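Single-structure report; data block below.
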Amino acid sequence: MNRQPRWTQTWLGGVRAAGADLGRPGERLGLPAEGPGSVSGFGRRVGAVVVDWLVCTWAIGRGIFGADPARSAWVGLVIFALEYLILAGTTGMTLGMLLFRIKITTVDGHRTPFPSLVLRTLLLCLALPALIWDRDNRGLHDRAARTVVVRT
């Protein structure tokens, strides 16, 4: 007997729970399944952002500039944006990304152009676009900038 899943299972579990095969992350982009050049997972990306945020708000913002993150959170956000623009613009990765072995590239594997990086950084600072993902593990900020975060 072929039982259909309950509607809550398809809603909560997504279309994969309904039996739809969407392929693996990065397959549509022509990226490898594993190893260098494959799409980075959620854990690595979150870990890298947490490290970057801590470095920018506490080590640099509070340690160097003496800014209190509770009273002037914008200082950490500005430093965070500058870190992304400078480091990702020159090396393709931030300090957190270096630790978690990931980098930002264009969908076709090239270095990200500066205007795309500016757009991506602005959307990342808004946070919400980075929390909405597609089946290739790309947030709205990645899609808008035509970038993908891959393993190194």
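What you see is a predicted model; the values in this text were computed from it and never measured. Residue numbers start at 1 and run along the sequence shown.
- Under the 3.5 Å distance criterion, the side-chain polar atoms of Thr91 are matched with a main-chain donor or acceptor of Met93.
- Neither Leu124 nor Trp133 shares a network with the other; the hydrophobic side chains, linked directly or stepwise wherever heavy atoms of I, L, V, M, F, W or Y lie under 4.5 Å apart, form separate groups for each.
- A side-chain donor-acceptor contact under 3.5 Å links Thr152 to the backbone of Arg101.
- Atoms CG and CG, from Leu87 and Leu85 in turn, are 9.5 Å apart once rounded to the nearest 0.5 Å.
- Put simply, CG on Leu140 and CG on Leu128 are 7.5 Å apart, with the number rounded to the nearest 0.5 Å.
- No donor-acceptor pair under 3.5 Å is formed between the side chain of Arg44 and the backbone N or O of Val150.
- From Phe100, atom CZ reaches atom OG1 of Thr94 across 10.0 Å, with rounding to the nearest 0.5 Å.
- Linking ILVMFWY side-chain heavy atoms closer than 4.5 Å, directly or via other members, places Val51 and Ile60 in a single hydrophobic cluster.
- Residue Arg62 comes nearest to Pro69 through the heavy atom pair NH1-CD, 3.4 Å, listed as atom of the first residue, atom of the second, then distance.
- Closest non-hydrogen pair, Gly37 versus Pro32, comes out as O-CD, 3.5 Å.
- In this structure, CG on Leu131 lies 11.0 Å from CG on Leu126, to the nearest 0.5 angstrom.
- Under a 3.5 Å cut-off, the side chain of Asp136 and the backbone N or O of Gly26 do form a donor-acceptor pair.
- The two residues Val39 and Asn137 come nearest to each other via the heavy atoms CG1-CB, 3.6 Å.
- To the nearest 0.5 angstrom, Leu95 atom CG is 5.0 Å from Glu83 atom CD.
- A 4.5 Å side-chain heavy-atom check between Cys125 and Val78 finds every atom pair outside the cut-off.
- Between the side chain of Arg138 and the main chain of Thr147, a donor-acceptor pair closer than 3.5 Å is present.
- For Arg120 against His141, the heavy-atom pair with the smallest separation is NH2-NE2, 3.5 Å.
- Leu123 and Phe114 end up in different hydrophobic clusters when Ile, Leu, Val, Met, Phe, Trp and Tyr side chains are linked at under 4.5 Å.
- Between Val75 and Ala67 the shortest heavy-atom distance is CG1-CB, 3.8 Å.
- Side-chain N or O atoms of Thr57 include none that pairs as donor or acceptor with a backbone N or O of Gly61 at under 3.5 Å.
- Scanning both residues, Leu31 and Val148, for their nearest heavy atoms gives CD1-CG2, 4.2 Å.
- Here CG of Leu122 is found 13.0 Å from OH of Tyr84. Values are rounded to the nearest 0.5 Å.
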